[in-house]
Enquirer: 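Just passing along the structure, written as structure tokens.
In listed order, ligands and their atoms are each counted from 1. Computed from heavy atoms alone, side chains included, the values below leave out hydrogens, waters and symmetry copies.
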Amino acid sequence: MTPTRAVSPTTPTLPASTGPIPAGPRDQALRDRAARVIPGGMYGHMSAATLPPGFPQFLERGRGARIWDVDGREYLDFMCSFGPIVLGHAHPKVEAAVERQRVLADCQNGPSPRMVELAERLVALQPHADWAMFAKNGTDATTLAVTIARAATGRAKVLVAAGAYHGAAPWCTPRPAGTTPEDRAHLIPFAYNDLASVEAAADRAGKDMAAVLVSPFRHDARHDQELVDPAFARGLRALCDRRGAALILDDVRAGFRLDLGGSWAPLRVRPDLAAYSKAIANGYALAGIAGGDGLRDAATRVFATGSFWFAAVAMAAALATLDALEAEQGIQAMVHAGTLLRDGLARQAHGYAIRITQSGPVQMPFLTFAGDVAGGTFDRANVFTGEAARRGVYLHPWHNWFLSAAHTEEDVRLALEGTDAAFAAVRARFGGDL
Ligand SMILES: Cc1ncc(COP(=O)(O)O)c(C=O)c1O
């Protein structure tokens with residue numbers, strides 16, 4: 001085993017103990033203030049309350065593959081803001097494009113030329129696309145895609161994989177608080193990669209089937225990820241064609257990390273609509289949908305708008321992000337670093353005789369512990385990621401991780417020093433129960 005070492009000069013060397021880890025003083029002070037003026041102190045998927053001790057809530061800055069919390073602690077970032085940071089934090093070419101656009105204008109009475117340029121860029125990149133529209137968040141994009149499918153077909157029912165996440169609006173949020181049964185009355189579940197279950201769901205929808213909404217692989221939180229069976233993807237295409245429904249690919253999480261042409265382009269399965277957000281503008285707020293000519297008329301008829309949807313800075317950022325991903329072979333860089341990380345974690349777990357599963361594409365990796373899965377808990381993952389965080393490696397216990405094109409071989413080597421100590425802590429804490 002490699003000895004425990006801090007991964008950066010600002011990260012203290014810590015023993016492999018699993019005692020309570022206090023938040024940093026500035027982080028704690030902000031948490032205390034937030035508790036008074038922000039519901040729950042923080043809400044949503046970035047709430048540190050969902051994470052084991054050792055994770056900061058408030059962050060100060062990011063550069064490349066590194067982030068710093070408000071107490072000045074440095075981390076190698078393997079969450080990349082839950083996906084948006086695909087080139088690395090503050091990528092110079094993206095920041096330069098942002099600055100050029102910012103001095104011209106951002107939010108105006110109409111879009112800037114960047115909107116047309118970006119739509120042209122997406123249409124050129126994506127084999128299925130003849131047009132594109134833009135919004136701000138992934139939920140905007142999935143909601144708009146479903147709305148367009150309904151406008152096109154005049155039907156209501158949407159088939160979705162059970163447990164899949166498509167956003168935080170009432171029709172799709174995983175938490176029912178504040179929603180009505182009517183909000184989700186037209187969703188019909190199927191099992192991912194199980195074509196027979198989709199056929200059964202389509203039978204239930206009957207003549208009212210508007211769309212199938214599906215992610216490019218199964219990446220539900222708290223589950224091992226599951227790559228798509230190409231026959232399943234092709235089967236969905238055929239089923240939608242047969243039933244006159246739209247095939248919507250929710251590429252919000254995976255888009256631009258697997259293939260610039262869309263995550264199912266390598267399978268040659270063309271969706272009618274694809275939804276993007278997260279990585280499209282390297283951290284600037286932008287979502288997009290790209291569709292085929294068959295849905296152009298419906299897309300023209302729906303009322304699609306928002307105060308900030310046409311702001312130019314994020315579109316300039318997206319153009320620069322796509323250029324840099326191509327020019328710097330960003331996807332290949334993520335695959336290279338992700339493969340080193342996966343191989344290193346597998347070696348370490350084997351060395352400690354800890355049974356783990358690593359799943360998903362290496363650019364979006366996930367690791368679970370056999371003991372946790374058997375028990376339905378994330379106890380080992382909490383210890384593992386908490387101990388990694390104290391050593392300056394920012395992972396997540398129950399959500400898939402994200403690589404960026406900024407992760408170097410050296411970053412992975414340093415991260416593996418932290419994970420080695422984290423595996424040692426899991427071994428020490430759980431003994432034979434692994
Ligand atoms: C597959 C998928 N669809 C939709 C969304 C919603 O995106 P946003 O959080 O930007 O609204 C997410 C966010 O994680 C996602 O992963």
Enquirer: Quick one, list the residues around ligand 1 where some non-hydrogen atom comes in under 4.0 Å, by chain and residue number.
Expert: N137, G138, T139, Y165, H166, G167, H219, D250, V252, R253, K278
Enquirer: Classify the ring geometry between Y192 and F232 as parallel (under 30°), tilted (30 to 60°) or perpendicular (over 60°).
Expert: tilted
Enquirer: Return yes if a side-chain donor-acceptor contact under 3.5 Å exists between H219 and E226, otherwise no.
Expert: no
Enquirer: Quick one: list whatever passes side-chain hydrogen bond (donor to acceptor under 3.5 Å, both in side chains) with N282, sequence neighbours left out.
Expert: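 N282: no side-chain hydrogen bond (donor to acceptor under 3.5 Å, both in side chains) contacts found.
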Enquirer: Taking side-chain hydrogen bond (donor to acceptor under 3.5 Å, both in side chains) as the test, write out the residues that go with D293, two or more places apart.
Expert: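 Checked D293 against side-chain hydrogen bond (donor to acceptor under 3.5 Å, both in side chains); matches are R296.
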Enquirer: So, S277 and N137: side-chain donor and acceptor under 3.5 Å apart, yes or no?
Expert: no
Enquirer: Going by salt bridge (charged side-chain N to carboxylate O under 4.0 Å, His left out), name the residues that satisfy it together with R301, two or more places apart in sequence or in a different chain.
Expert: D297
